[in-house]
Amino acid sequence: MSTSTGTVTGNYRNGTQRSSLRTQSSASTSAAQKSTVKSKSVLRKSSPASLGGGSSAASKAGGDSGVPGRVRVAVRLRPRNGEELIADADFADCVELQPEVKRLKLRKNNWDTDTFEFDEVLTEYASQKRVYEVVAKPVVEGVLDGYNGTIMAYGQTGTGKTYTLGQLGEEDVADRGIMVRAMEDILTQVSLETDSISVSYLQLYMETVQDLLDPANDNIAIVEDPKSGDVSLPGATLVEIRDQQSFLELLQLGEAHRFAANTKLNTESSRSHAILMVNVRRSLKTRDGLSSESSGNSHMSKSLKPPVVRKGKLVVVDLAGSERINKSGSEGHTLEEAKSINLSLSALGKCINALAENSSHVPFRDSKLTRLLRDSFGGTARTSLVITIGPSPRHRGETTSTIMFGQRAMKVENMVKLKEEFDYKSLSKRLEVQLDNLIEENERQQKAFVDEIERITVEAHNQISEAEKRYANALEEEKLRYQNDYMESIKKLEENWSKNQKKLAAERLALGEKNGMDITSNGNRSIAPALEEVSDLKKLLHKEAQSKMAAEEEVNRLKLQVTELMKVEAAGKSEIMRLHKMLENETQQKEKLEGEIATLHTQLLQLSVTADETRRNLEKHGSEKTSGALDSFMSQLRLPQIQDPGNAEKPPVAKLFEQVGLQKILSLLEADDADVRIHAVKVVANLAAEEANQQQIVEAGGLTSLLMLLRSTEDETIHRVAAGAIANLAMNETNQELIMDQGGIGLLSSTAANAHDPQTLRMVAGAIANLCGNDKLQTKLRSEGGIAALLGMVRCGHPDVLAQVARGIANFAKCESRASTQGTKRGKSLLIEDGALSWIVQNAKTETTAIRRHIELALCHLAQHEGNAKEMVKEGAIWELVRISRECSREDIRSLAHRTLTASPTFLTELRRLRVDIR
Ligand code: ADP
Ligand code: MG
């Protein structure tokens, strides 16, 4: 049930509705206002007070009584049918139509006519289309705009009511009646996405409402809404219409059911009323300028404006024949039946009379038809009535009564009212959806917000800790730098101080010598010489300034020269690069040649061995055959390049060792030929490089032979190779003792003293360094001049040599520190006694890592022995230890330095004195 809240009233005047939305005006003219020219009909003016229940209920509900709209009436004359053409051939029609002035003349007799004015006068020639446009179209348009509408046909059976309303026009489209055309119009105007059309089709017969769409539904109740006065048939089948075809099928179905029902009741359709109800529900999109635009509502937000729906109901009524029942008694009904049959129709007549006469009582409740049509007559609907008449004078009486019915109906005034309401339901649904969307969106945004906050927090934390870390590092670095600077300056001050002390002492001594013991009494005599001295100094200063200027000039000149030279140097550099390349090529060439020479040497070695062998064999056995093994070895050596690589797992030297025999090779160390000796010593050195061979070599007297070579020959190559071999052998503790026993230190020392090639020195230093690592040999090594020899070798300055020297010192210091912890060593280190410390301190900061590491270790070892501490402080080694404890890249050395510094009372006292923090 719809309540018409928010109703908006349209404009409906003189049967022509002009909605504020529609600009086209209806084809109909306001004939009614010109009516009652000569006729008896008097148009009732608007009289809302007497409009009956429907309208008053509506006005109560809506608070708006609508706009006056009179029932419009058209008269339609059916053409003569076949029968009439013959039977009435000689008679004139009982009516004469004047459509141009919308008048109908009814012949009373040959000399008298009555003239009636109607809203439309439709002749027998009027097409169905014109009838539709004139009678029905304005009503249908009203329905589409949200007004109720009624189209009704009234007239004697056979005059064309059904033809006018219900013709399907299946054979000829021009025949289509009002129902079909109305639906066509409705379907073209509505949008099926937002609007809906539903249809009920009913028959009213002997005061029962039957459902023509469902014959089983044969007694449908009529329900009135006491509030709004709206009438409905909730029991009736309601079919949704989406296209014309389904509507036509529905009409056909209704017709078939009507036929079946009438057969069953032994009646005919002319005795029953057919009622088609079309409900059109249209949603109005928010259109500007439409409805509710009162200033009070303008603040309403668009989304909160409820959608407007318009519900128009079209009722098409094909009434039963209006002929008087007593006249058609031939149909076999009793009078009572006949009365019942026509009850509704006569009740309609009475209601219309009452309405036309403005009677205070309209007996709507007398019949079902009048109850159903309550809104159509005297209600809110726009109503169009077509009265159908036949031309035959035989039915003049019926025709007259029909015309009179029409005339009375023209006096009925309705209060046309727009059936528009706000669709709060769909608004609430829409708002609910919107709300849910907003809730979801809000949740998503909240989550995103929380995530963002979290991300920012984490980022901020990271940045803070990063900044803190950076700050701490910078602080630490700064602190370290300041401490180092402080340390350096203290160190310098100390040095300056001791220098000054020494100078002062020397001066005092000199002065003492010159002036005897009377130094103190010279004060008075010293003024004049002092003045002299000042002027001397001034002169000197002047001279210095001049020479400084000259020097500056010289510097500028030199600078210019330097730029010149730089240019030259760039050119030179590219030349050097080129030469380097050439040199590299040459070196490669040389290496290749050396390889070849080595091969040749080997061959020579073989030959001498062979010769030796042959000679001995000849001596012993005449010219017997020589050793097989040697033979094969030689052949291998001869052709080293074509050896099968598969058999060459062992290097040629090792093979030589196996096949020729160590003894033979060693014997060649004493060969007369220098080349043979060199080659042999190289072979032995190679063999000695392999730990596995070392014992054998020593046992075979190789070590002795090598030491012999150092003594017996002047050749530096031999010295170098032999020293290398000795160094290799000196890795073993037993061999170390052997070397020492055979005067190795002395031999190595003298070799070092005579050497020119840094590589020779490197070998000798390496050998001594190895010996330095032996705990048992410490004293002997030192007393035979080993340390002195080591320190002597630093003169060459080659980093390889220096590294070996440093290694030897570190080894020696390590043994000493071991001995001191075991209590077997007392007093100062032998290294310090031999003056190694100053070299150590000087080289502690060297760039060469290999040297620095050994030195650092040596310092740490020396510092372990408290006996060395004083000397180390004096020589400045303590500074190096502090530095090592802070900066050494090796963690173990760093902590060793730190431990030794903190373990020594002497160091601690000194550090405290200098306020150096070593935490
Ligand atoms: P009613 O429904 O009033 O009893 P019908 O519509 O059944 O009358 O019409 C009776 C006959 O007259 C039908 O055969 C119909 O086709 C024909 N008829 C009615 N009006 C016209 C008309 N205007 N033009 C041609 N034939 C008509
Ligand atoms: Mg009919």
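Side-chain atoms are counted along with the backbone in the values below, which use heavy atoms only and exclude waters and symmetry mates. In listed order, ligands and their atoms are each counted from 1. One is the number of the first residue; the rest follow in order along the sequence. This structure is a prediction, so every number in the text was calculated from the model and none was measured.
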Quiz prompt | Identified side chain to side chain contact (heavy atoms under 4.5 Å, CB included) counterpart of F116 within the set Q407, K102, R103 | solution = Q407
Quiz prompt | Listed once per pair and sorted, the side-chain hydrogen bond (donor to acceptor under 3.5 Å, both in side chains) pairs that draw on residues 73-82, sequence neighbours left out | solution = R76-Q128, R76-T164, R78-E84, R80-D93
Practice problem: Could you list the residues that satisfy ring-ring contact (aromatic ring centres under 6.0 Å, His included) with F405, not counting sequence neighbours? | Solution: Y154
Exercise. Identify which one of R282, K311, R310 satisfies the salt bridge (Lys or Arg N to Asp or Glu O under 4.0 Å) criterion when paired with D195.
Key: R282
Quiz prompt | Metal check, the Mg ion (ligand 2) vs Y163 N/O/S, cut-off below 2.8 Å | solution = no
Quiz item: Is it true that atom CD of E100 has more than 12 heavy atoms of other residues, nucleotides or ligands lying nearer than 6.0 Å?
Solution: yes
Exercise. Only pairs at least two apart or in different chains count here, so list each ring pair (Phe, Tyr, Trp, His ring centres under 6.0 Å) that has a residue in residues 92-113.
Key: none
N/O pairs closer than 3.5 Å, ligand 1 and protein:
from	atom 1	to	atom 2	distance (Å)
ligand 1	2 (O)	T162	N	3.0
ligand 1	2 (O)	T162	OG1	2.8
ligand 1	3 (O)	G158	N	3.3
ligand 1	3 (O)	T159	N	3.3
ligand 1	3 (O)	G160	N	3.1
ligand 1	3 (O)	K161	N	3.0
ligand 1	3 (O)	K161	NZ	2.9
ligand 1	4 (O)	G158	N	2.5
ligand 1	6 (O)	T162	N	3.4
ligand 1	6 (O)	Y163	N	2.8
ligand 1	8 (O)	G158	N	3.4
ligand 1	8 (O)	G160	N	3.1

